[in-house]
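Lettering follows sequence order; numbering is per chain, from 1.
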2 protein chains.
Amino acid sequence: MLDNFDIKLLGEIQQDAQTSQSELATRVNLSPAAVNRRLRKMAAEGVIDRYTAIVAPEKVGYPLTVICTIEVESEQIDVLDVMKRSFELCPQIQQCYYVAGEWDFVLIFSVRHMDEFNLLTRKLFFSNDNVKRFKTLVSMNRVKVGLQVPVAASDE
Amino acid sequence: MLDNFDIKLLGEIQQDAQTSQSELATRVNLSPAAVNRRLRKMAAEGVIDRYTAIVAPEKVGYPLTVICTIEVESEQIDVLDVMKRSFELCPQIQQCYYVAGEWDFVLIFSVRHMDEFNLLTRKLFFSNDNVKRFKTLVSMNRVKVGLQVPVAASDE
DNA sequence: TCTGAAAATGGACCTTT
DNA sequence: AAAGGTCCATTTTCAGA
């Protein structure tokens, strides 16, 4: 189980994964070795999924973020699995959620321009019989972006 | 400007930010010092926004991902800015996009349970006159999650 | 590109609860 | 046992020649 030390560590490394273990140690009041052990353990257990660099899309030629909602025809497991796979494999799809509500999927795309998005639309949606309808929202402003889980120490 | 070496480096560190610079060097065919310089430069320029650890929400008591779309009453700049600010400050909101299309905002929440979400809903939406309507989609499956920009070397 | 100093990581080992 | 601390070897980073 996770204690407050772990929770604090997770908070820190979600904000900045480059903080050194000795710096983390002073911040959470542990020895560097203990920090090392805890990080290592959480990584092994999958609590820490992975470490990553967040790239500014507009600085590398991908200024467009597009969000799609999709409704499917059939919710048969094997048909859905094929769809999910095709979304997973598409590098321009950053995120894919299978949801309950008015829609079945929510997708977030990172693309160079609208033409690229339209092309993907053709490949992924129009040529797929199981897509009943979809809607497109174009992001004008990425107000907040991240995957931070709001873990917080229970006391302090 | 970014050349193919930079592009490859970005690809690598988006996948695993812990890859050592010497390992990166062999992968992209550069000296470790050159890799160091390039990473440092891209971080300074903001091409690399930051380094982060991705935490598995379900392993730390945040198993619920909820997606909301919002339509506002007024799109007056100052009113919008206040809304954006309130979303930015809410730790359970991982992502917020200001969009064009049928809706004005798309929000992605990471919460402990539905009660927590309902509470936020009251605070953020019901007590805000500028929220005309909103819709909720509950994620049953986070099929793909990340913020990877699909940078790819132009040849090879 | 190479070399080397400073820093960070992570294991060994002992101590505490 | 389980977890913390100290010490030390190895690896990594990163600046200067």
* Where the side chain of B:Ala33 is concerned, which of D:dA15, D:dG4, C:dT9 is the nearest nucleotide? ->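 When the side chain of B:Ala33 is considered, D:dA15 is the closest of D:dA15, D:dG4, C:dT9.
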
* **Nucleotide nearest A:Ser31 when distance is taken to its side chain, options D:dG5, C:dA8, C:dT1** =>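 For the A:Ser31 side chain, the nearest candidate turns out to be D:dG5.
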
How many Å lie between [atom1] on [X] and [atom2] on [N], as a whole number?
{"X": "A:Glu23", "N": "C:dA6", "atom1": "CD", "atom2": "P", "result": "21 Å"}
{"X": "B:Leu24", "N": "D:dT11", "atom1": "CG", "atom2": "P", "result": "18 Å"}
{"X": "B:Leu39", "N": "D:dT12", "atom1": "CG", "atom2": "P", "result": "15 Å"}
{"X": "A:Tyr51", "N": "C:dT9", "atom1": "OH", "atom2": "C1'", "result": "12 Å"}
{"X": "A:Arg40", "N": "C:dA12", "atom1": "CZ", "atom2": "P", "result": "12 Å"}
{"X": "A:Lys41", "N": "D:dA1", "atom1": "NZ", "atom2": "P", "result": "17 Å"}
{"X": "A:Leu30", "N": "D:dA2", "atom1": "CG", "atom2": "C1'", "result": "14 Å"}
{"X": "B:Asn36", "N": "C:dA5", "atom1": "CG", "atom2": "C1'", "result": "14 Å"}

* Asked: Is the centre of the A:Phe87 ring less than 6.0 Å from the centre of the A:Tyr97 ring?
  -> no

* Looking at the rings of A:Phe109 and A:Phe117, which for Trp means the six-membered one, are their centres under 6.0 Å apart? -> yes

When all nucleic acid strands are considered with a 4.0 Å heavy-atom cut-off, which category describes [X]: base, sugar-phosphate, or nothing?
{"X": "A:Ser20", "value": "sugar-phosphate"}
{"X": "B:Arg37", "value": "base"}
{"X": "A:Ala34", "value": "sugar-phosphate"}

* Has the side chain of A:Lys144 got a donor or acceptor atom that lies under 3.5 Å from a matching backbone atom of B:Cys90? -> yes

* With a 4.5 Å limit on heavy-atom distance, are the side chains of A:Ile67 and A:Leu107 in contact? -> no

